[in-house]
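Here it is: the structure, laid out below.
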Amino acid sequence: MLPTTAPVHEERPNFENALFIEASTSFIPIANDVPLMISVGVRFAKLHEIWVRGGYMPTGDDIRLGFGAIGYRAVFRPHKLVRPFFGGLFAGVPETCTHDSMGQPSCTKTPIFIIAATGGVRIEPVPWFGVNASLSFGMDTYPNPFGMVELGVSFALPLT
């Protein structure tokens, strides 16, 4: 008689609660800015994500300025390839910059703040990797309307 062994079941990582890192770039038409950004965040209860972001503007009205942002998003359809999301963000830039009709930039030392709603879609072929595209619309304290088209990639590490 041969000894029998019970099958071994490997437990797969659960990404319902996760730490994530996101690298992204965007285009902000009203200021011709193209920020480069890095975010870190936490996902909990399958779909809620809170993140903080730092970025730098290598071009546009806000050239050479850094900024910070914080945001929330609800990412629907867990464990699916296509995951729509909706949320909001609050951001700050240390100077208020604009341009005249000739395109010449000018800045003041007054910080500018932005509040915006965000919506988009994340393509998530595996639970730890996603590619996202989003649109944000809101207002800044200049006051100007704010709009942003963003593309990014995210990597997640399970917490459970």
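Excluded from the calculations below are hydrogen atoms, water molecules and symmetry mates; all remaining heavy atoms, backbone and side chain alike, are included. Numbering starts at 1 and runs along the sequence shown. As the structure is a prediction and not an experimental result, all values here were calculated from the model.
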Item to check | Listed once per pair and sorted, the disulfide bond (SG atoms under 2.5 Å apart) pairs that draw on residues 83-160, sequence neighbours left out | outcome: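 Listed once each, the pairs are C97-C107.
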Item to check | Residue list, side-chain hydrogen bond (donor to acceptor under 3.5 Å, both in side chains) with T96, at least two apart or on another chain | outcome: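 By the side-chain hydrogen bond (donor to acceptor under 3.5 Å, both in side chains) rule, T96 matches no residue at all.
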Checklist entry - With N132, which residues qualify under side-chain hydrogen bond (donor to acceptor under 3.5 Å, both in side chains), at least two apart? => result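 N132 satisfies side-chain hydrogen bond (donor to acceptor under 3.5 Å, both in side chains) with E22 only.
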Checklist entry - Residues two or more places apart in sequence or in another chain: which of them pass side-chain contact (heavy atoms from CB on, under 4.5 Å) with P158? => result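 Counting only residues at least two positions away or on another chain, P158 forms a side-chain contact (heavy atoms from CB on, under 4.5 Å) with P13, F15.
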Checklist entry - Considering residues at least two apart in sequence or located in another chain, which fulfil the side-chain hydrogen bond (donor to acceptor under 3.5 Å, both in side chains) criterion with S154? => result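 For S154, no residue satisfies side-chain hydrogen bond (donor to acceptor under 3.5 Å, both in side chains) once neighbours in sequence are set aside.
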Checklist entry - Should the pair F155 and F129 be assigned to parallel (<30°), tilted (30 to 60°) or perpendicular (>60°) ring geometry? => result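 Because their plane-to-plane angle lies in the 30° to 60° range, the rings of F155 and F129 count as tilted.
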Item to check | Stepwise side chain to side chain contact (heavy atoms under 4.5 Å, CB included) check, T25 with V34 | outcome: CA-CA 7 Å; T25 189; V34 180; 3.7 Å; yes
Checklist entry - Side chains of R77 and V82: does their closest heavy-atom pair fall under 4.5 Å? => result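 Result yes, sub-4.5 Å side-chain heavy-atom pair found.
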Item to check | Least distance between heavy atoms, G41 atom then L19 atom | outcome: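 Taking G41 first and L19 second, the nearest heavy atoms are O-CD1, 3.2 Å.
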Next on the checklist: Could you check whether F137 and F146 have their ring centres less than 6.0 Å apart?
Outcome noted: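 Not close enough - the centres of the two rings lie 6.0 Å or further apart.
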Next on the checklist: The test is side chain to side chain contact (heavy atoms under 4.5 Å, CB included); show your working for F85 and L47 and say whether it passes.
Outcome noted: CA-CA 9 Å; F85 59 85; L47 59 102; over 6 Å; no
Item to check | Partners meeting side-chain hydrogen bond (donor to acceptor under 3.5 Å, both in side chains) with S39 (sequence neighbours left out) | outcome: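 Per chain and number, S39 pairs via side-chain hydrogen bond (donor to acceptor under 3.5 Å, both in side chains) with R53.
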Checklist entry - Above 12 or not: heavy atoms from other molecules or residues under 6.0 Å from CZ of F27? => result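 Counting neighbours around CZ of F27, more than 12 heavy atoms of other residues, nucleotides or ligands fall under 6.0 Å, so yes.
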Next on the checklist: Parallel, tilted or perpendicular: which one describes the rings of F76 and F86, with boundaries at 30° and 60°?
Outcome noted: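 If you compare the ring of F76 with that of F86, the planes turn out tilted.
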Checklist entry - Which heavy atom of F67 sits nearest a heavy atom of P35, and at what distance? => result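 The pair with the smallest heavy-atom distance is CE2-CB, 3.7 Å.
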Checklist entry - Same hydrophobic cluster for M148 and L151, using side-chain heavy-atom links shorter than 4.5 Å among ILVMFWY? => result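 No, it is not one cluster - the side chains of M148 and L151 are not joined through contacts under 4.5 Å.
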